[in-house]
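For reference, the structure is listed below as C-alpha coordinates.
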Amino acid sequence: ARKMAALMQAATSSSAPILLKYDTQLGHTGARPVARTIEDPADELSFLALQLGVTPADAGVKTSQRTASPAAEDTAEEERLNALFDEDWVWLLKEAPTFASFLGDDRYNDRWPDVSPDAIERRHQHQKALLARLDKFDRTQLGSDALLNWKLYRRQVERELEEYPHRMFLVPLTQREGIQDESSLADSLEFEKVKDYDDWLARLDSFPIYMDQTIALMRQGITERRVQPRVTMQRVPGQIRKQIVDDPTKSLYFKPFLT
(Lines give C-alpha, C1' and ligand atoms only; values in the text may rest on other atoms or scores of the structure.)
Protein backbone atom coordinates (compact mmCIF):
# COMPACT_ATOMS: atom_id res chain seq x y z
CA ALA A 1 0.00 0.00 0.00
CA ARG A 2 2.84 2.42 0.79
CA LYS A 3 4.49 1.70 -2.56
CA MET A 4 1.20 2.28 -4.35
CA ALA A 5 0.75 5.63 -2.61
CA ALA A 6 4.31 6.62 -3.54
CA LEU A 7 3.75 5.65 -7.18
CA MET A 8 0.52 7.64 -7.31
CA GLN A 9 2.19 10.65 -5.78
CA ALA A 10 5.07 10.44 -8.26
CA ALA A 11 2.69 10.04 -11.20
CA THR A 12 0.90 13.27 -10.33
CA SER A 13 4.17 15.22 -10.14
CA SER A 14 2.83 16.81 -7.00
CA SER A 15 4.21 17.36 -3.54
CA ALA A 16 0.72 16.90 -2.09
CA PRO A 17 0.17 13.66 -0.14
CA ILE A 18 -1.91 10.76 -1.46
CA LEU A 19 -4.63 9.12 0.63
CA LEU A 20 -4.85 5.37 0.01
CA LYS A 21 -7.11 3.29 2.24
CA TYR A 22 -6.58 -0.45 2.40
CA ASP A 23 -8.98 -2.60 4.40
CA THR A 24 -8.33 -6.30 4.78
CA GLN A 25 -11.80 -6.85 6.25
CA LEU A 26 -13.77 -5.85 3.14
CA GLY A 27 -14.12 -7.70 -0.14
CA HIS A 28 -15.21 -6.58 -3.60
CA THR A 29 -18.94 -7.02 -3.08
CA GLY A 30 -21.38 -4.31 -2.10
CA ALA A 31 -21.93 -5.83 1.34
CA ARG A 32 -20.29 -3.55 3.90
CA PRO A 33 -21.12 -2.22 7.37
CA VAL A 34 -23.20 0.95 7.45
CA ALA A 35 -20.59 2.61 9.67
CA ARG A 36 -17.93 2.02 7.01
CA THR A 37 -20.20 3.42 4.32
CA ILE A 38 -20.36 6.65 6.33
CA GLU A 39 -16.76 6.75 7.56
CA ASP A 40 -15.05 6.32 4.19
CA PRO A 41 -16.49 9.40 2.43
CA ALA A 42 -16.11 11.37 5.68
CA ASP A 43 -12.40 10.54 5.72
CA GLU A 44 -12.05 11.39 2.03
CA LEU A 45 -13.81 14.75 2.35
CA SER A 46 -11.82 15.64 5.47
CA PHE A 47 -8.58 14.80 3.67
CA LEU A 48 -9.58 16.91 0.67
CA ALA A 49 -10.61 19.83 2.87
CA LEU A 50 -7.28 19.70 4.70
CA GLN A 51 -5.16 19.49 1.55
CA LEU A 52 -7.14 22.15 -0.34
CA GLY A 53 -7.11 24.51 2.58
CA VAL A 54 -10.87 24.71 2.79
CA THR A 55 -11.96 27.08 5.54
CA PRO A 56 -15.45 27.47 7.00
CA ALA A 57 -15.86 30.95 5.57
CA ASP A 58 -16.53 31.10 1.85
CA ALA A 59 -13.86 33.04 -0.05
CA GLY A 60 -16.49 35.09 -1.82
CA VAL A 61 -18.67 35.77 1.20
CA LYS A 62 -16.91 37.46 4.09
CA THR A 63 -18.37 37.32 7.56
CA SER A 64 -18.32 41.10 7.65
CA GLN A 65 -21.00 41.08 4.95
CA ARG A 66 -23.51 39.50 7.31
CA THR A 67 -26.41 41.55 8.58
CA ALA A 68 -26.37 43.28 11.94
CA SER A 69 -28.90 40.80 13.37
CA PRO A 70 -27.87 37.47 11.87
CA ALA A 71 -29.26 35.15 14.51
CA ALA A 72 -32.89 34.91 13.39
CA GLU A 73 -32.13 35.28 9.68
CA ASP A 74 -29.30 32.77 9.78
CA THR A 75 -31.48 30.29 11.61
CA ALA A 76 -34.26 30.63 9.05
CA GLU A 77 -31.92 30.20 6.09
CA GLU A 78 -30.13 27.30 7.68
CA GLU A 79 -33.40 25.61 8.49
CA ARG A 80 -34.43 26.01 4.86
CA LEU A 81 -31.13 24.48 3.75
CA ASN A 82 -31.48 21.56 6.17
CA ALA A 83 -35.03 20.99 4.96
CA LEU A 84 -33.70 20.78 1.40
CA PHE A 85 -31.07 18.26 2.48
CA ASP A 86 -33.74 16.14 4.19
CA GLU A 87 -36.03 16.33 1.17
CA ASP A 88 -33.27 15.30 -1.22
CA TRP A 89 -32.16 12.46 1.05
CA VAL A 90 -35.67 11.00 1.02
CA TRP A 91 -35.70 11.33 -2.78
CA LEU A 92 -32.31 9.62 -3.06
CA LEU A 93 -33.34 6.63 -0.96
CA LYS A 94 -36.45 6.12 -3.10
CA GLU A 95 -34.47 6.40 -6.33
CA ALA A 96 -31.70 4.10 -5.05
CA PRO A 97 -33.56 1.35 -3.17
CA THR A 98 -30.58 -0.99 -2.91
CA PHE A 99 -28.55 1.82 -1.34
CA ALA A 100 -31.39 2.37 1.11
CA SER A 101 -31.33 -1.34 1.92
CA PHE A 102 -27.58 -1.24 2.60
CA LEU A 103 -28.23 1.57 5.08
CA GLY A 104 -30.88 -0.45 6.89
CA ASP A 105 -33.90 1.45 5.53
CA ASP A 106 -36.38 -1.29 4.62
CA ARG A 107 -39.06 0.91 3.02
CA TYR A 108 -37.90 0.00 -0.49
CA ASN A 109 -36.73 -3.57 0.08
CA ASP A 110 -39.20 -4.84 -2.51
CA ARG A 111 -37.64 -3.17 -5.54
CA TRP A 112 -34.54 -2.64 -7.66
CA PRO A 113 -33.43 0.73 -9.05
CA ASP A 114 -35.14 1.92 -12.21
CA VAL A 115 -32.37 2.26 -14.80
CA SER A 116 -34.61 2.90 -17.79
CA PRO A 117 -33.71 5.88 -20.03
CA ASP A 118 -36.76 7.77 -18.80
CA ALA A 119 -35.76 7.31 -15.16
CA ILE A 120 -32.17 8.33 -15.85
CA GLU A 121 -33.34 11.51 -17.60
CA ARG A 122 -35.79 12.24 -14.79
CA ARG A 123 -33.01 12.01 -12.22
CA HIS A 124 -30.85 14.29 -14.35
CA GLN A 125 -33.59 16.92 -14.47
CA HIS A 126 -33.98 16.59 -10.70
CA GLN A 127 -30.28 17.38 -10.23
CA LYS A 128 -30.52 20.42 -12.49
CA ALA A 129 -33.48 21.72 -10.49
CA LEU A 130 -31.65 20.97 -7.24
CA LEU A 131 -28.63 23.00 -8.32
CA ALA A 132 -30.89 25.93 -9.17
CA ARG A 133 -32.51 25.72 -5.73
CA LEU A 134 -29.13 25.65 -4.01
CA ASP A 135 -28.01 28.74 -5.90
CA LYS A 136 -30.98 30.68 -4.58
CA PHE A 137 -29.70 30.55 -1.02
CA ASP A 138 -28.30 33.72 0.48
CA ARG A 139 -24.86 32.54 1.56
CA THR A 140 -24.30 35.64 3.67
CA GLN A 141 -27.04 34.34 5.94
CA LEU A 142 -25.46 30.92 6.51
CA GLY A 143 -23.23 30.15 9.45
CA SER A 144 -19.77 28.69 8.83
CA ASP A 145 -20.89 25.06 9.24
CA ALA A 146 -23.97 25.52 7.07
CA LEU A 147 -21.93 27.33 4.45
CA LEU A 148 -19.45 24.46 4.27
CA ASN A 149 -22.34 21.99 3.94
CA TRP A 150 -23.80 24.10 1.15
CA LYS A 151 -20.49 24.21 -0.72
CA LEU A 152 -19.91 20.46 -0.44
CA TYR A 153 -23.45 19.60 -1.44
CA ARG A 154 -23.44 21.98 -4.37
CA ARG A 155 -20.14 20.57 -5.61
CA GLN A 156 -21.51 17.05 -5.39
CA VAL A 157 -24.57 17.96 -7.46
CA GLU A 158 -22.46 19.97 -9.90
CA ARG A 159 -20.09 17.04 -10.39
CA GLU A 160 -22.97 14.68 -11.17
CA LEU A 161 -24.26 17.12 -13.77
CA GLU A 162 -20.79 17.41 -15.28
CA GLU A 163 -20.59 13.63 -15.59
CA TYR A 164 -23.93 13.27 -17.35
CA PRO A 165 -22.75 14.22 -20.89
CA HIS A 166 -20.16 11.44 -20.69
CA ARG A 167 -23.07 8.98 -20.37
CA MET A 168 -21.29 6.61 -18.03
CA PHE A 169 -24.69 5.18 -17.11
CA LEU A 170 -24.27 3.19 -20.33
CA VAL A 171 -21.44 1.31 -18.58
CA PRO A 172 -23.42 -0.07 -15.60
CA LEU A 173 -21.07 -2.77 -14.35
CA THR A 174 -17.46 -3.59 -13.59
CA GLN A 175 -15.65 -6.59 -12.16
CA ARG A 176 -16.36 -5.18 -8.68
CA GLU A 177 -20.02 -4.27 -8.87
CA GLY A 178 -23.04 -4.56 -11.08
CA ILE A 179 -26.18 -6.56 -11.64
CA GLN A 180 -24.16 -9.78 -11.85
CA ASP A 181 -23.41 -9.43 -8.14
CA GLU A 182 -26.75 -8.15 -6.84
CA SER A 183 -27.27 -11.39 -4.91
CA SER A 184 -24.74 -10.04 -2.38
CA LEU A 185 -27.41 -7.54 -1.32
CA ALA A 186 -28.99 -10.32 0.74
CA ASP A 187 -25.89 -10.35 2.97
CA SER A 188 -26.78 -6.83 4.13
CA LEU A 189 -30.44 -7.52 4.85
CA GLU A 190 -32.16 -8.86 7.92
CA PHE A 191 -34.64 -11.69 7.42
CA GLU A 192 -36.67 -11.86 10.59
CA LYS A 193 -40.28 -11.16 9.55
CA VAL A 194 -42.53 -12.60 6.88
CA LYS A 195 -42.46 -9.21 5.16
CA ASP A 196 -38.68 -9.46 4.83
CA TYR A 197 -39.08 -12.60 2.74
CA ASP A 198 -42.05 -11.18 0.84
CA ASP A 199 -39.95 -8.15 -0.09
CA TRP A 200 -37.13 -10.38 -1.31
CA LEU A 201 -39.56 -12.42 -3.39
CA ALA A 202 -40.94 -9.19 -4.85
CA ARG A 203 -37.42 -8.19 -5.79
CA LEU A 204 -36.85 -11.53 -7.45
CA ASP A 205 -40.12 -11.19 -9.38
CA SER A 206 -39.06 -7.80 -10.76
CA PHE A 207 -35.46 -8.83 -11.46
CA PRO A 208 -36.13 -9.58 -15.18
CA ILE A 209 -37.17 -5.93 -15.68
CA TYR A 210 -33.98 -4.75 -14.01
CA MET A 211 -31.96 -7.14 -16.16
CA ASP A 212 -33.64 -6.04 -19.40
CA GLN A 213 -33.01 -2.40 -18.55
CA THR A 214 -29.34 -3.12 -17.84
CA ILE A 215 -28.92 -5.06 -21.10
CA ALA A 216 -30.55 -2.20 -23.01
CA LEU A 217 -28.10 0.27 -21.47
CA MET A 218 -25.12 -1.88 -22.37
CA ARG A 219 -26.32 -2.40 -25.93
CA GLN A 220 -26.67 1.34 -26.33
CA GLY A 221 -23.21 1.69 -24.85
CA ILE A 222 -21.84 -0.65 -27.51
CA THR A 223 -23.59 1.40 -30.21
CA GLU A 224 -21.98 4.57 -28.86
CA ARG A 225 -18.66 2.78 -28.27
CA ARG A 226 -18.82 3.40 -24.55
CA VAL A 227 -17.60 0.18 -22.94
CA GLN A 228 -15.25 -0.94 -20.22
CA PRO A 229 -11.65 -1.92 -21.05
CA ARG A 230 -11.20 -5.65 -21.69
CA VAL A 231 -9.11 -6.10 -18.55
CA THR A 232 -11.92 -4.67 -16.43
CA MET A 233 -14.42 -7.19 -17.74
CA GLN A 234 -12.27 -10.33 -17.64
CA ARG A 235 -13.80 -11.58 -14.38
CA VAL A 236 -17.40 -10.75 -15.25
CA PRO A 237 -18.20 -13.91 -17.30
CA GLY A 238 -17.14 -16.05 -14.36
CA GLN A 239 -19.29 -13.98 -12.01
CA ILE A 240 -22.26 -14.50 -14.32
CA ARG A 241 -21.65 -18.25 -14.56
CA LYS A 242 -21.86 -18.49 -10.76
CA GLN A 243 -25.43 -17.23 -10.99
CA ILE A 244 -26.54 -19.89 -13.49
CA VAL A 245 -27.62 -23.08 -11.71
CA ASP A 246 -29.87 -26.03 -12.51
CA ASP A 247 -31.09 -26.35 -8.93
CA PRO A 248 -32.79 -23.13 -7.72
CA THR A 249 -31.86 -23.96 -4.13
CA LYS A 250 -28.21 -23.62 -5.14
CA SER A 251 -28.75 -20.08 -6.39
CA LEU A 252 -27.06 -17.27 -4.46
CA TYR A 253 -30.45 -15.57 -4.44
CA PHE A 254 -31.85 -18.50 -2.46
CA LYS A 255 -29.52 -17.94 0.49
CA PRO A 256 -32.08 -16.02 2.60
CA PHE A 257 -34.32 -19.10 2.63
CA LEU A 258 -31.54 -21.31 3.99
CA THR A 259 -31.04 -19.36 7.21
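Because the structure is a prediction, the values reported are computed rather than measured. Throughout, numbering of the chain's residues begins at 1 and tracks the sequence.
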Notebook entry, point to check: Measuring from Asp86:CG to Trp91:CH2, what's the distance to the nearest 0.5 Å?
Noted result: 15.5 Å
Check: Of the options Lys94, Arg80, Arg133, which is the one that meets Glu87 in a salt bridge (charged side-chain N to carboxylate O under 4.0 Å, His left out)?
Finding: Arg133
Next item on the list: Kindly state whether the ring of Phe191 and the ring of Phe257 have centres lying under 6.0 angstrom apart.
Entry: no
Margin query: Is any side-chain heavy atom of Trp89 closer than 4.5 Å to one of Leu92?
Written below: yes
Notebook entry, point to check: Rounded to the nearest 0.5 Å, what separation is found between the NZ atom of Lys136 and the CG atom of Leu131?
Noted result: 11.5 Å
Notebook entry, point to check: Looking at Arg123 and Glu95, what are the two nearest heavy atoms and their distance?
Noted result: NH1-OE1, 2.9 Å
Next item on the list: Verify, without hydrogens or angle tests, whether Asp196 (side chain) and Glu192 (backbone) share a donor-acceptor contact under 3.5 angstrom.
Entry: yes
Next item on the list: Would you check if there is a donor-acceptor pair between the side chains of Asp118 and Ser116 at a distance under 3.5 Å?
Entry: no
Next item on the list: Establish whether Leu217 and Ile209 are linked, either directly or via other cluster members, by ILVMFWY side-chain heavy-atom contacts under 4.5 Å.
Entry: no
Item checked: Where Trp200 and Pro256 come nearest, the two heavy atoms and their spacing -> NE1-CG, 3.6 Å
Next item on the list: Determine, using the 4.5 Å side-chain heavy-atom cutoff (strictly less than), whether Leu258 and Leu252 are members of one ILVMFWY cluster.
Entry: no
Checklist line | Distance (rounded to the nearest 0.5 Å) between Leu147 CG and Gln141 CD | finding: 11.5 Å
Checklist line | Intermediate values then yes/no, salt bridge (charged side-chain N to carboxylate O under 4.0 Å, His left out), Glu162 and Arg159 | finding: CA-CA 5 Å; Glu162 290 171 350; Arg159 185 179 62 183; over 6 Å; no
Check: Counting N and O atoms only, with roles assigned by atom type, does the side chain of Glu77 sit under 3.5 Å from a partner on the main chain of Asp138, one being a donor and the other an acceptor?
Finding: yes
Margin query: Is there a side-chain contact between Leu93 and Leu103 in this structure, where contact means two heavy atoms from C-beta onward sitting under 4.5 Å apart?
Written below: yes
Checklist line | Cluster link Ile179 to Ile244, ILVMFWY, side chain under 4.5 Å | finding: yes
Next item on the list: Compute whether any side-chain donor of one residue and acceptor of the other, for Ser101 and Arg203, lie under 3.5 angstrom apart.
Entry: yes
Check: If only atom types and distance count, is the side chain of Trp112 paired as donor or acceptor with the main-chain N or O of Ser206 below 3.5 Å?
Finding: no
Item checked: Atom pair CD (Gln156) and CG (Leu161), whose distance is rounded to the nearest 0.5 Å -> 11.0 Å
Note to self: Going by side-chain contact (heavy atoms from CB on, under 4.5 Å), Val236 matches just one of Leu173, Asp181, Thr174. Which one?
What the structure shows: Leu173
Checklist line | Glu224 and Arg219 ion-paired at < 4.0 Å | finding: no
Next item on the list: Find the distance between NE2 (His166) and CD (Glu163) and round it off to the nearest 0.5 Å.
Entry: 8.0 Å
Margin query: Measuring from atom CE of Met211 to atom CD of Gln180, what distance do you get when rounded to the nearest 0.5 angstrom?
Written below: 8.5 Å
Next item on the list: Taking atom CD of Glu190 as the centre, report whether more than 12 heavy atoms of other residues, nucleotides or ligands fall under 6.0 Å from it.
Entry: no
Note to self: Between Asp114 and Tyr210, do the side chains contain a donor N or O and an acceptor N or O under 3.5 Å apart?
What the structure shows: no
Margin query: Quick check on the hydrophobic clustering: are Ile215 and Ile240 connected, directly or via other members, by side-chain heavy-atom contacts under 4.5 Å?
Written below: yes
Margin query: Could you check whether any side-chain N or O of Thr232 sits under 3.5 Å from a backbone N or O of Gln228, counting only pairs where one atom can act as donor and the other as acceptor?
Written below: no
Next item on the list: Find out whether Leu130 and Tyr153 are in side-chain contact, i.e. whether some heavy atom of one side chain is under 4.5 Å from a heavy atom of the other.
Entry: yes
Notebook entry, point to check: Does a side-chain heavy-atom distance below 4.5 Å link Gln175 with Met233?
Noted result: no
Check: Among side-chain atoms of Gln243 and Gln239, is any donor-acceptor pair under 3.5 angstrom?
Finding: no
Notebook entry, point to check: Any ion pair linking Lys193 and Asp198 (charged N to carboxylate O, less than 4.0 Å)?
Noted result: no
Next item on the list: List the atom of Asp135, the atom of Trp150, and the distance in Å for their closest heavy-atom pair.
Entry: OD1-CZ2, 4.0 Å
Notebook entry, point to check: Going by heavy atoms in the side chains, are Asp105 and Phe99 under 4.5 Å from each other?
Noted result: no
Note to self: So which atom in Pro113 and which in Thr98 form the shortest heavy-atom distance, rounded to 0.1 Å?
What the structure shows: CD-CG2, 3.9 Å
Check: Charged N to carboxylate O below 4.0 Å: is that the case for Lys195 and Asp106?
Finding: no
Check: Hey, any chance Tyr164 and Val171 share a hydrophobic cluster, counting ILVMFWY side chains that come within less than 4.5 Å of each other, even indirectly?
Finding: no
Checklist line | Taking every non-hydrogen atom, the tightest pair across Gly143 and Glu78 | finding: N-OE2, 2.7 Å
Item checked: Other residues, nucleotides, ligands: >12 heavy atoms within 6.0 Å of Arg225 CZ -> no
